[in-house]
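Written below as structure tokens is the structure these notes are about.
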Protein chains: 2
Amino acid sequence: MSDIEKGPDRLYQDLARNLTEELASGAYPVGARLPAERELAVKYGVSRPTVREAIIALEVQGLIEVRIGSGAYVRRLPGSEDLPGFNVSAFELTEARLLFEGEAAALAATQITDEELAEIEGLVEAIARENNDPRGSEKADRAFHLAIAKATRNGAIFDAIERLWDLRSTSPEAALLHEKARTANIKPVVDEHSAIVEALRARDPVAARLAMRGHLSQVIDSLLFATEERQIQEARRAAQAKRDRYARATA
Amino acid sequence: MSDIEKGPDRLYQDLARNLTEELASGAYPVGARLPAERELAVKYGVSRPTVREAIIALEVQGLIEVRIGSGAYVRRLPGSEDLPGFNVSAFELTEARLLFEGEAAALAATQITDEELAEIEGLVEAIARENNDPRGSEKADRAFHLAIAKATRNGAIFDAIERLWDLRSTSPEAALLHEKARTANIKPVVDEHSAIVEALRARDPVAARLAMRGHLSQVIDSLLFATEERQIQEARRAAQAKRDRYARATA
DNA sequence: CGGTTCCTTTTGGTATTACCAATTTTCTTG
DNA sequence: CAAGAAAATTGGTAATACCAAAAGGAACCG
């Protein structure tokens with residue numbers, strides 16, 4: 001009955017991931033009510049406090065809204081509304097990362113030490129292990145990118161890149177889209193990461209920039225692949241065109 | 001017994017807010033360990049499950065990191081008023097801007113409209129007027145750089161660059177250094193800004209990147225010129241060497 | 001018959017207790 | 001003094017109970 005058994009660490013994280021995937025898959029439409037905590041507890045074979053922790057995790061991320069005495073309701077799904085304000089899409093975030101982290105990798109290639117290189121190589125292996133585990137998180141992935149940012153020896157660069165990474169969690173739409181893309185696309189990331197490390201080891205800034213851009217370009221592609229809504233399809237074409245224009249201009 | 005009273009709704013939210021405020025106030029430095037869950041429970045007069053829920057809320061937000069069997073540790077300071085600028089020198093800030101704004105200018109060159117171009121040209125004149133006035137501020141300068149960031153059509157890029165610009169105000173030393181540099185060096189900035197606009201008007205990404213980097217490179221030079229302290233002299237040489245290495249590698 | 005009231009049920013909110021597992025500390029012990 | 005084992009500490013999870021808010025339905029009243 002339970003898809004989660006011997007979760008390595010915190011159970012609530014596994015459960016939260018499961019629920020997030022169900023939300024992304026559309027099992028619960030917008031506005032729908034999730035099963036009661038007690039039901040989820042028996043369904044997933046965990047205790048009610050654990051269910052509550054997972055619920056709270058989703059609530060903090062803005063994915064659901066809990067109404068006392070009533071239940072937990074789905075808040076928003078990707079593409080449902082285009083708030084003209086500060087809502088930064090997953091595409092914009094990743095495009096920004098492509099630019100900034102590309103330059104950071106180039107700078108890091110001229111600064112990196114053997115120790116940092118070894119640490120980053122270890123993270124690549126950790127990422128591979130994460131990808132083999134369907135329930136794997138992306139902690140190692142985050143650590144990988146931040147380690148490169150740190151190798152620039154520039155706190156401002158590190159801060160900006162860390163912020164960009166964490167920004168994706170603040171937008172429910174972006175978080176869901178990334179989750180969909182992650183579960184749908186688990187293949188070539190290892191090779192891409194290896195290429196980045198290779199360039200860093202060679203202390204080749206140009207190659208490092210290219211490898212990092214290639215990697216994040218793939219991420220954008222997987223995001224596009226995970227996008228289905230028609231509204232987003234427009235943005236998809238626009239983003240693609242923009243990226244092509246920029247890439248051609250800097251080739 | 002408890003400092004938390006008012007909130008009729010979820011207790012864990014009140015607790016989480018309290019803890020966040022304590023983190024922001026610096027009561028727990030980065031890397032420090034928070035009191036054990038059982039201690040927090042008695043301290044705030046709530047049960048341990050409630051404490052756990054608050055802890056998890058902070059963890060999901062990335063404020064703390066929970067290590068099994070060890071405790072909860074402070075990760076970073078809350079979003080808006082966190083002070084990464086404390087350790088970030090004016091040199092690092094400007095170096096980051098050199099990288100990021102260079103790319104932003106390149107991307108903007110492929111996106112910019114005639115209207116935006118006209119606005120930016122107007123800002124160049126405003127900068128010239130500002131420089132002629134010894135008491136002039138740098139509002140137009142800021143507006144100039146942000147207008148280019150906005151022309152990328154990417155909110156994440158705009159946000160990151162705006163943040164980098166504003167970060168200089170968070171460090172008194174950095175602000176002072178910038179002020180000294182500004183008053184000591186007022187001549188070529190107009191030409192540099194004109195060169196950027198020229199490249200944008202030509203829709204030439206490579207030229208735009210080069211012009212922006214050249215401008216911010218000049219800013220770094222003026223910062224170095226305005227630096228007198230011996231301690232900084234070391235950083236000066238290091239930064240100069242790093243920049244040279246990067247520039248050579250990307251020429 | 002329609003609407004209101006009230007009670008019962010359901011659901012989330014919190015507390016209590018207990019026990020397990022990982023970690024850290026302390027104290028043996030060679 | 002160091003290595004290793006035992007104890008204390010800490011987070012992780014479970015089970016249970018009770019409260020308060022909300023929802024649903026039945027009884028009551030107009």
Side-chain angles (χ1 to χ4, degrees), chain A residues 1-19 22-23 28 31-75 126 133 135-137 139, chain B residues 1-19 22-23 28 31-75:
Chain A
M1 68 225 48
S2 153
D3 340 358
I4 55 182
E5 283 303 321
K6 46 166 187 59
D9 285 12
R10 278 136 281 208
L11 258 186
Y12 90 85
Q13 292 180 344
D14 286 337
L15 183 54
R17 182 181 311 284
N18 273 23
L19 292 176
E22 289 201 60
L23 291 183
Y28 302 108
R33 210 208 67 184
L34 270 62
E37 295 179 355
R38 294 169 176 84
E39 294 178 39
L40 289 175
V42 297
K43 174 178 179 183
Y44 288 97
V46 298
S47 70
R48 198 180 147 213
T50 298
V51 172
R52 296 201 95 254
E53 294 179 346
I55 294 284
I56 284 174
L58 297 192
E59 187 183 21
V60 171
Q61 290 179 321
L63 295 178
I64 62 176
E65 172 190 354
V66 177
R67 290 200 274 264
I68 301 179
S70 178
Y73 297 83
V74 182
R75 259 155 78 80
D133 185 352
R135 309 185 309 273
S137 66
K139 276 181 58 180
Chain B
M1 55 175 78
S2 151
D3 344 349
I4 53 181
E5 288 302 332
K6 52 200 176 356
D9 283 11
R10 278 139 286 212
L11 257 187
Y12 90 86
Q13 292 180 343
D14 287 336
L15 220 197
R17 207 177 44 76
N18 271 25
L19 291 178
E22 289 201 58
L23 292 183
Y28 303 108
R33 211 207 69 183
L34 269 64
E37 295 179 354
R38 294 169 175 84
E39 294 179 40
L40 289 175
V42 297
K43 175 178 179 182
Y44 287 97
V46 298
S47 68
R48 186 153 86 105
T50 298
V51 172
R52 297 200 96 254
E53 295 178 345
I55 294 283
I56 285 173
L58 297 191
E59 187 184 23
V60 171
Q61 291 179 339
L63 295 178
I64 62 177
E65 173 190 354
V66 177
R67 289 199 274 262
I68 301 179
S70 179
Y73 296 82
V74 181
R75 257 158 65 75

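Chain letters run A, B, ... following the sequence lines, proteins first and then strands; every chain starts at 1.
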TODO: Please tell me which of B/Pro49 and B/Glu39 maps to the more 5' nucleotide of DNA chain D, matching each residue to the nucleotide holding its nearest heavy atom.
DONE: B/Glu39
Open item on the list: By nearest heavy atom, map A/Gly69 and A/Tyr12 onto DNA chain D; which one lands nearer the 5' end?
Closed with: A/Tyr12
- [ ] Check the pair A/Leu23 / A/Ile64 against side chain to side chain contact (heavy atoms under 4.5 Å, CB included), numbers first and verdict last.
- [x] CA-CA 10 Å; A/Leu23 291 183; A/Ile64 62 176; 4.1 Å; yes
Nearest listed nucleotide, side chain of [X], among [options]:
X: B/Arg10; options: C/dA22, C/dA15, C/dG13; result: C/dG13
X: A/Ile68; options: D/dA14, C/dA15, C/dG12; result: C/dG12
X: A/Val46; options: D/dA14, C/dA15, C/dG12; result: D/dA14
X: B/Arg52; options: C/dT14, D/dG11, C/dT11; result: D/dG11
X: A/Ser47; options: C/dT11, D/dA14, C/dA18; result: D/dA14

Atom-to-atom span, [atom1] of [X] to [atom2] of [N] - whole angstrom:
X: A/Leu40; N: C/dG12; atom1: CG; atom2: P; value: 8 Å
X: A/Leu15; N: D/dG12; atom1: CG; atom2: P; value: 15 Å
X: A/Leu11; N: D/dA15; atom1: CG; atom2: P; value: 12 Å
X: A/Ile55; N: C/dT11; atom1: CD1; atom2: P; value: 13 Å
X: B/Glu59; N: D/dG12; atom1: CD; atom2: C1'; value: 12 Å
X: A/Glu53; N: C/dG12; atom1: CD; atom2: C1'; value: 15 Å
X: B/Arg48; N: D/dA17; atom1: CZ; atom2: C1'; value: 18 Å
X: A/Glu37; N: C/dT14; atom1: CD; atom2: P; value: 11 Å

Open item on the list: Under 3.5 Å, is there any donor-acceptor pair linking the side chain of B/Arg38 to the base of D/dG11?
Closed with: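 Present.
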Open item on the list: OP1 or OP2 of D/dT10 versus the side-chain N and O atoms of B/Arg33: is any pair under 4.0 Å?
Closed with: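 Answer is yes, contact under 4.0 Å.
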Open item on the list: Strictly below 4.0 Å: does A/Ser70 bring a side-chain N or O up to OP1 or OP2 of D/dA21?
Closed with: no
TODO: Look at all strands and tell whether B/Arg67 reaches a base, only sugar-phosphate, or nothing, counting heavy atoms closer than 4.0 Å.
DONE: sugar-phosphate
- [ ] Using a heavy-atom cut-off of under 4.0 Å over every strand shown, decide if A/Gln13 touches base, sugar-phosphate, or nothing.
- [x] nothing
TODO: Would you name the heavy atoms of B/Pro35 and B/Leu40 that are closest together and state the gap between them?
DONE: O-CD1, 3.7 Å
- [ ] Provide the closest heavy-atom pair for A/Ser47 versus A/Ala41 in the form atom of the first, atom of the second, distance.
- [x] C-CB, 4.1 Å
- [ ] Assess whether side chain to side chain contact (heavy atoms under 4.5 Å, CB included) is satisfied between A/Val66 and B/Arg10, documenting all intermediate values.
- [x] CA-CA 10 Å; A/Val66 177; B/Arg10 278 139 286 212; 3.5 Å; yes
TODO: Measure the spacing between CD1 of A/Ile55 and CD of B/Glu53 and express it to the nearest 0.5 Å.
DONE: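 Here the rounded value is 11.0 Å.
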